[in-house]
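One structure is given below, encoded as structure tokens.
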Amino acid sequence: MQFGTYLGTRTCRSHAHSGTLRTIRRIYDGFQRAAETCLRKTIVLMAEASQAEFARAARGAQVTAGEAAEVEPVVLGVSSVARTAVRRVHQESPLAARAYFSSKVSKWLLAGGRAAATAQTYRGSLDRYIAWDGGSGDARLDVGFRESAIFFAPGDGVRALAHVVRDLGGGQREARVLLWDDLPLDRRSAEMIALPVIERVDRVIGAGSTATVGVWQLAMNERIAVQVPAAQARRPEVLALLATL
């Protein structure tokens, strides 16, 4: 075989091989894009609403499950302190809870302006919680934390959380949902918010153990006691709302 003929044959084979690799690469890239699209759609379909997301949506806020709401850092910080202070109301005492809150928010109070105003608002909400609680003492806290979602339809679930659960005796309990924002609360939205919480408490503690759910809108000085039948009657509305998130 002439050297030129050999070289030409090798060159043709090289071009053919290169073309085959490009074709395989295009096919692989196509499969990869399709898989990524399928995964994104699956994640959207299986999105679960957090307790906070569901509570906001039930009161008319625009919510997309799984998308973090834009919250100022000072609000995130002070609200976290306030929630921990509520736990200390039951774990220790109202006095200890107030002392903890004051020590943790002092930097925001000293900063003045919006930071100080935010800290004062949450201080008022904590004081209101303590007054409404009336020194009830020991309670189970954050029932449902890190538990799987309560599903009302395939892909439509709520990571329901009862912030406080008090034993009323006789196997009955009062669950509480604490709201710290300024969104409006009415009986309809309170009953919708209560339904996943009832199912959570019944699942964790025992079927039929929830007597009532107190939905406490602390910042707005509003609290609504929800009875189990009233919450259960809102199931169609809960399903419809979850389908939109």
Side-chain angles (χ1 to χ4, degrees), residues 50-52 54-56 58-61 75 77-105 108-109 117-145 160-202 204-205 209-231 234:
S50 69
Q51 174 71 42
F54 180 71
R56 292 200 307 272
R59 291 174 290 152
V75 174
V78 178
S79 64
S80 177
V81 171
R83 289 177 173 87
T84 301
V86 164
R87 298 185 193 105
R88 294 200 174 202
V89 169
H90 297 281
Q91 293 169 334
E92 300 175 47
S93 69
L95 184 63
R98 285 193 173 104
Y100 168 82
F101 183 86
S102 295
S103 68
K104 292 295 184 179
V105 303
W108 290 301
L109 290 171
T118 300
Q120 291 287 12
T121 296
Y122 276 88
R123 185 197 296 277
S125 294
L126 174 61
D127 287 342
R128 185 168 291 121
Y129 179 83
I130 290 170
W132 285 353
D133 174 67
S136 66
D138 191 32
R140 292 186 64 160
L141 305 171
D142 297 327
V143 174
F145 182 62
L161 185 68
H163 298 119
V164 178
V165 178
R166 290 186 55 244
D167 191 341
L168 302 177
Q172 294 294 287
R173 290 166 178 82
E174 175 211 12
R176 294 175 186 166
V177 178
L178 308 182
L179 308 175
W180 301 84
D181 56 37
D182 57 1
L183 291 172
L185 178 71
D186 58 20
R187 180 155 293 279
R188 173 182 175 274
S189 58
E191 289 168 354
M192 292 175 67
I193 291 168
L195 181 59
V197 174
I198 290 169
E199 299 208 1
R200 169 67 74 204
V201 173
D202 284 1
V204 173
I205 299 178
S209 61
T210 310
T212 183
V213 176
V215 183
W216 291 10
Q217 171 63 298
L218 296 167
M220 303 301 288
N221 194 25
E222 182 75 39
R223 55 176 170 169
I224 297 175
V226 178
Q227 303 301 315
V228 173
R234 297 292 181 184

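The basis for the numbers below is simple: all heavy atoms, side chains too, and nothing from hydrogens, waters or symmetry mates. It should be emphasised that the depicted structure is a prediction, and the values quoted were computed from it without experimental measurement.
Within the 4.5 Å cutoff, the side chain of Glu199 has no heavy atoms near those of the Asp202 side chain. Annotation: side chain of Arg123 is in contact with side chain of Leu109 (closest heavy-atom distance under 4.5 Å). Considering only heavy atoms from C-beta on, Arg56 comes within 4.5 Å of Asp181 through its side chain. Annotation: side chain of Leu185 is not in contact with side chain of Trp216 (no heavy-atom distance under 4.5 Å). The shortest side-chain heavy-atom distance between Tyr122 and Val75 falls under the 4.5 Å cut-off. In this structure the side chain of Leu141 reaches within 4.5 angstrom of the side chain of Val164, judged on heavy atoms.
Between the side chain of Ser189 and the backbone N or O of Asp186 there is at least one donor-acceptor pair closer than 3.5 Å. Looking at Arg59, its side chain does come within 3.5 Å of a backbone N or O of Ala55 through a donor-acceptor pair. Judged purely by atom type and a 3.5 angstrom limit, Ser103 uses its side chain to pair as donor or acceptor with the backbone of Tyr100. Thr212 places a side-chain N or O within donor-acceptor distance of the main-chain N or O of Val226, the cut-off being under 3.5 Å.
Smallest separation of non-hydrogen atoms from Gly77 and Trp108: C-CH2, 3.7 Å. Scanning all heavy atoms of the two residues, the minimum distance from Gln172 to Ala211 falls at OE1-CB, 3.3 Å. A pairwise comparison of heavy atoms in Leu183 and Met220 identifies O-CG, 4.4 Å as the closest pair. Considering every non-hydrogen atom in both Ala230 and Glu191, the closest pair reads CB-OE2, 3.5 Å. Shown here for Val197 and Ala160, the closest heavy-atom pair between the two residues is N-CB, 4.1 Å. Across all their heavy atoms, Ala97 and Leu126 have their closest contact at O-CD2, 4.2 Å.
Note that CG of Leu178 and OG of Ser125 are 10.0 Å apart. Values are rounded to the nearest 0.5 Å. Interatomic distance, CZ of Phe54 versus CG of Leu161, reported as 13.5 Å (0.5 Å rounding). Atom CG of Asp182 is separated from atom CD of Gln217 by 7.5 Å, given to the nearest 0.5 angstrom. Ile198 contributes atom CD1, which lies 10.0 Å from atom OG of Ser209 (distance to the nearest 0.5 angstrom). Note that the CG atom of Asp127 and the CZ atom of Phe101 stand 8.5 Å from one another [nearest 0.5 Å]. Separating the CZ atom in Arg88 from the CZ atom in Arg98 is a distance of 15.0 Å, to the nearest 0.5 Å.
Other residues, nucleotides and ligands place no more than 12 heavy atoms under 6.0 Å from the CG atom of Leu95.
The pair Arg140-Asp167 does not count as a salt bridge, with every side-chain nitrogen at least 4.0 angstrom from each carboxylate oxygen. Looking at Asp142 and Arg83, no side-chain N of the basic residue comes within less than 4.0 Å of a carboxylate O on the acidic one, giving no salt bridge.
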Step-by-step side-chain contact (heavy atoms from CB on, under 4.5 Å) determination, Gln51 to Ile193: CA-CA 8 Å; Gln51 174 71 42; Ile193 291 168; 4.0 Å; yes
Between His163 and Val86, does the side-chain contact (heavy atoms from CB on, under 4.5 Å) criterion hold? Intermediate values first, please. CA-CA 9 Å; His163 298 119; Val86 164; over 6 Å; no
Checking side-chain hydrogen bond (donor to acceptor under 3.5 Å, both in side chains) for the pair Thr210/Arg200: CA distance, chi angles, key distance, verdict? CA-CA 9 Å; Thr210 310; Arg200 169 67 74 204; over 6 Å; no
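Here the rule is side-chain contact (heavy atoms from CB on, under 4.5 Å) with Arg176, and of Val165, Asp133, Val213 only Asp133 fits it.
Aromatic ring orientation, His90 versus Tyr129: perpendicular (interplanar angle above 60°, classes split at 30° and 60°).
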